[in-house]
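What follows is a single structure, written as structure tokens, with notes after it.
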Amino acid sequence: MARARDPIADLRRIAFLLERANEATYRVRAFRSAAKALAGLPAAELTERAGNGTLTELSGVGDVTARCVAESLAGEEPVYLRRLVATEGSDLDAEATALRAALRGDCHTHSDWSDGGSPIEEMALAAVELGHEYLVLTDHSPRLTVARGLTAERLRRQLDHVAQVNAALPEGFRILTGIEVDILADGSLDQDDDLLARLDVVVGSVHSGLKDERSKMTRRMLKAVANPHLDILGHVTGRMVSSRPAGVTGPGDRGHRARTRAESDFDADAVFAACAEHDTALEINSRPERQDPPKRLIRRALEAGCRFAINTDAHAPGQLDWQRFGCERAALCGVPADRVINTWSAEQLVAWTHNRP
Ligand SMILES: [Zn+2]
Ligand SMILES: [Zn+2]
């Protein structure tokens with residue numbers, strides 16, 4: 001039987017690309033040892049085992065490598081390989097543009113109620129001009145005092161205010177209520193439960209203790225992800241790849257003034273598995289100085305089955321247009337539109353946040 005692809009070559013190619021991307025050795029080794037184990041197998045047996053799902057009985061062959069082999073034997077480029085190749089920097093402009101066009105709103109934005117530079121009304125009007133159907137307002141929570149985080153009392157007032165603003169906005173657009181709630185040192189969320197339950201969308205982020213040691217940070221994130229109020233895990237690694245972007249000055253960007261900062265250390269596979277289990281979306285933060293998560297982690301979250309939210313974390317109206325940066329990175333990693341929660345309508349989004357397990 002003629003075969004369109006050589007599965008062993010595909011496994012080796014994957015190993016090579018993982019190495020070039022500086023991935024952990026054990027990930028590379030998984031593909032190399034599978035290639036080695038399968039290279040000694042007669043072609044007929046390989047096809048038979050791929051057909052009846054017994055490849056994983058061979059030592060050195062796991063679920064992921066077996067799936068790659070089955071796809072290769074079927075004549076398809078393995079999905080795993082395709083994502084890796086895409087991340088290598090081929091031109092995916094069309095995909096990024098299509099993804100951006102599919103977005104109907106933004107789930108992470110700030111106003112001058114916390115550390116943003118503009119009133120809620122201005123942020124909303126800029127979102128209308130961009131063609132959004134909704135904007136989720138996610139000002140900071142109480143403990144983030146440097147960013148004028150909202151107390152429960154101020155947040156209640158903000159909810160009343162948003163209702164008034166919404167009444168005056170054009171038909172077909174609305175501000176959804178929300179918060180960027182701090183994930184505290186013990187993994188709990190920095191706002192009253194009754195308020196979190198009342199909000200349309202809850203983004204949770206780590207803003208303190210970013211250098212927590214690995215097991216502590218992992219526990220902290222796992223507890224937050226398991227919290228039924230948390231809908232979206234914000235800028236997961238906390239990294240800063242550059243100082244504030246050119247042209248962004250003034251009080252509108254407090255809290256994002258940090259210089260370069262390393263990624264927090266945590267067990268990404270465990271956190272992403274928990275996100276998939278609890279149906280908590282992982283944010284792809286579009287801010288140029290954040291670019292968080294890095295592409296290698298977006299790819300792993302995709303493999304883990306996570307949903308994503310492509311957000312701007314805008315602190316000023318012009319920054320609402322930064323979504324295209326996040327789309328570019330998502331498209332490079334092969335994130336399909338149907339895994340992105342802000343391709344949904346406001347109704348679908350709110351139905352999801354209120355009915356998640
Ligand atoms: Zn934040
Ligand atoms: Zn933010």
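Start at 1 and go down the list; that is how both ligands and their atoms are numbered. In this text, all values refer to a predicted model and were calculated from it rather than measured experimentally.
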Discussion item. Quick one about H235 and Q291 (side-chain donor to acceptor, distance below 3.5 Å, no hydrogens or angles considered), yes or no?
Written reply: no

Worksheet item: By atom name, which N, O or S atom of H207 is the nearest to the Zn ion (ligand 1)?
Response: NE2

Worksheet item: Could you go step by step and tell me if H161 and W113 meet the ring pair (Phe, Tyr, Trp, His ring centres under 6.0 Å) rule?
Response: CA-CA 11 Å; H161 182 68; W113 283 61; 5.7 Å; yes

Worksheet item: So does H235 have any N/O/S atom less than 2.8 Å away from the Zn ion (ligand 2)?
Response: no

Worksheet item: Within the stated cut-off of 2.8 Å, is an N/O/S atom of H108 closer than that to the Zn ion (ligand 2)?
Response: yes

Worksheet item: According to the interplanar angle, ranging from 0 to 90°, do the rings of F272 and F266 count as parallel (below 30°), tilted (30 to 60°) or perpendicular (above 60°)?
Response: perpendicular

Worksheet item: What distance separates D106 CG from Q323 CD, expressed to the nearest 0.5 Å?
Response: 4.5 Å

Item to complete: Can you tell me, to 10 degrees, how wide the angle at the Zn ion (ligand 2) is between OE1 on E180 and OD1 on D313?
Response: 170°

